[in-house]
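Some notes on the structure that comes next.
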Amino acid sequence: MGLQESLRQLRNGLSPRRLLGLSDRPFTIFDITEYFGETSGGVRTYLREKSAYVERHPALAQVVVVPGARDAVSVTGRISRHEVGVPYIPGQRPYRAMIAPGRVRAALERARPDVVEIGSSHAVPWLVRRPARRLGIPTLWFYHGHLLRVVAPRLDRDSPHRRLALEAAGRYVRRIARGVRATLVASDAVRADLERFGVERIVRVPLGVDTGTFDPSRRARRAEVRRRHGLEDGPLALYTGRFTTEKELDVAIDGWKRLRHRDATLLLVGAGPLGDRLTARARGSRIRVLPFEHDREALADLYAAADFYLAPGPAETFGLSAHEAMASGTPVLSVNQGGVAEQVERAGCGALYPIGDAAALAEAADRLLDGDRLALGARARAYIEAHHRWEMVFDRLFRIYRDTASGRDLAPA
């Protein structure tokens, strides 16, 4: 191969290792994100499941770089994990600001991966861009946090000051996307939002569920699970996740207080800056607030013990918690925006209500409680098994990584 051809392939994203013919080394993905903390959910689950996939495939390796309380490195087989000691982002605990360019650059230079996947939109894209380009390593951006909908949940139907902020967010997102080979999204709803703001080269990669852990068979012990948590008899709805503004839990609480089924309980499980406020608002009603659940087995029991799952956040890019509930045979009530709404419609496993409409939420919840929830739950489980098992998700994702490393064009679907 001549010098000009080598330079061309480097510019097109062929990694230096592949260019030099070092194919005996494992194909390595470098994952870096700020969306990771003690009580974070979706991205943490995604990275854990990807590591499990890498462990099952000897030709693969993974380097994970995440923020933490202090610098630490651990290596298990072909998986290296780097924690970078950085401070919390003000008002966004448990997320931390990845303000450590030297340490990120050093980790990248040591790993010399085939592909870098950027998993957040704060400092990380800018920390990675220059050293990855200098090393000839192609980058992908997985758009896990829906910045546009966080800024303006109703997009152009929001208030004037939110629309101004949305324009700035749109410019920011476009700028990140222009610096990577492609932007990965987990739903068509998010792809449509990004395209509306001028983002190009978008590839849809729906995420997955651990169908062994999250399984309808756990419903057999639902009475025991409810007793363990001190839950009263009657219908039970469940939300798990962060207690933040973009989740629109205030709408959920307002709607719950209007339910016709007065014996129904709403259980909110999670953590976040709005925890104390939500607890105060829930007093005097059949709404319980519990801390973040670290035990996945206990969480799976809760999903199966619920009569339906509530997904009130319009900024969900996919909604892993809702999909874990679906895998557990539990119907889903979702706001009619975002990644969860898309999946509920495709699976035919629940109901939707208009964004911000507490009365409509209550009506939809009452209809679900009056309906055949077992049939809806069976549809939910069948849909997850057919489309969202982690193995099939990562089979496709690593094909995308290999195409990226070789400089091939990526299919947009």
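Quick note: numbers below take in every heavy atom, side chains included, and nothing from hydrogens, waters or symmetry partners.
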Just checking, is any N or O donor in the side chain of R78 or Q62 under 3.5 Å from an acceptor N or O on the other one? no
Answer yes if the side chains of E324 and Y303 hold a donor-acceptor pair under 3.5 Å, and no otherwise. yes
Return the minimal non-hydrogen interatomic distance between L320 and G208, and the atom names on each side. CD2-O, 3.0 Å
Tell me if a side-chain donor or acceptor on S285 pairs with a main-chain N or O of A282 at a distance below 3.5 Å. yes
Between H161 and S159, does any side-chain donor sit less than 3.5 Å from a side-chain acceptor? yes
Answer yes or no: are there more than 12 heavy-atom neighbours, outside R346 itself, under 6.0 Å from its atom CZ? yes
Is the NZ or CZ atom of R175 both under 6.0 Å from the centre of the six-membered ring of W126 and within 45° of that ring's axis? yes
Between E316 and K247, is the closest basic N to carboxylate O distance under 4.0 Å? yes
Decide if atom CD of E200 counts as having more than 12 heavy atoms of other residues, nucleotides or ligands within a radius under 6.0 Å. no
Quick check on R48: does its CZ atom have over 12 non-hydrogen neighbours (other residues, nucleotides or ligands) under 6.0 Å away? yes
Stepwise salt bridge (Lys or Arg N to Asp or Glu O under 4.0 Å) test for E391 and R56: CA-CA 10 Å; E391 191 74 13; R56 295 192 297 271; 2.6 Å; yes
Ignoring hydrogens and angles, tell me if any N or O in the side chain of R201 forms a donor-acceptor pair with the backbone of R181 under 3.5 Å. yes
Without swapping roles, check the side chain of R81 against the backbone of V65 for a donor-acceptor pair under 3.5 Å. no
Mark yes when over 12 heavy atoms from residues, nucleotides or ligands other than D409 sit less than 6.0 Å from its CG; otherwise mark no. no
State plainly whether the residues R367 and D370 are in salt-bridge range, i.e. N to O under 4.0 Å. no
Take E246 and R154 through the salt bridge (Lys or Arg N to Asp or Glu O under 4.0 Å) test and state the conclusion after the steps. CA-CA 11 Å; E246 68 267 20; R154 294 151 186 80; over 6 Å; no
F197 six-ring centre to R174 NZ/CZ under 6.0 Å and within 45° of normal: no
Between Q337 and I355 (side chain of the first, backbone of the second, donor and acceptor by atom type, cut-off under 3.5 Å), is there such a pair? no
Non-neighbouring partners of E385 that pass salt bridge (Lys or Arg N to Asp or Glu O under 4.0 Å), sequence neighbours left out: R381
With distance as the sole test, does T317 use its side chain to make a donor-acceptor pair with the main-chain N or O of H144 at under 3.5 Å? yes
Determine whether a donor-acceptor pair (N or O, by modelled atom type, separation under 3.5 Å) exists between the side chain of T240 and the backbone of V269. no
How many angstroms lie between OG in S120 and CH2 in W141, if you round to the nearest 0.5 Å? 9.5 Å
Which atoms form the tightest heavy-atom contact between L249 and P312, and what is the distance? CD2-CG, 3.8 Å
What distance do L47 atom CG and F142 atom CZ have between them, rounded to the nearest 0.5 Å? 10.5 Å
Could R219 and D301 be called an ion pair, given the rule that one side-chain N must be under 4.0 Å from one carboxylate O? no
Per the ring-ring contact (aromatic ring centres under 6.0 Å, His included) rule, which among Y35, Y172, F36 passes with H122? Y35
Separation of R25 CZ from R112 CZ (nearest 0.5 Å): 9.5 Å
Do Y401 and E117 meet the criterion of a side-chain donor-acceptor pair at a distance under 3.5 Å? yes
List the residues meeting salt bridge (Lys or Arg N to Asp or Glu O under 4.0 Å) with R103, not counting sequence neighbours, and say none if there are none. D71
Whether S187 side chain and F318 backbone form a donor-acceptor pair below 3.5 Å: no
Only one of W390, F398, Y46 passes ring-ring contact (aromatic ring centres under 6.0 Å, His included) with Y53; say which it is. F398
Donor + acceptor pair across side chains of H323, Q343 (<3.5 Å): yes
Evaluate R281 against D254 for salt bridge (Lys or Arg N to Asp or Glu O under 4.0 Å), listing each step before the verdict. CA-CA 9 Å; R281 291 205 61 205; D254 289 343; 2.3 Å; yes
Check R218 with E297, please: is the shortest side-chain N to carboxylate O separation under 4.0 Å? yes
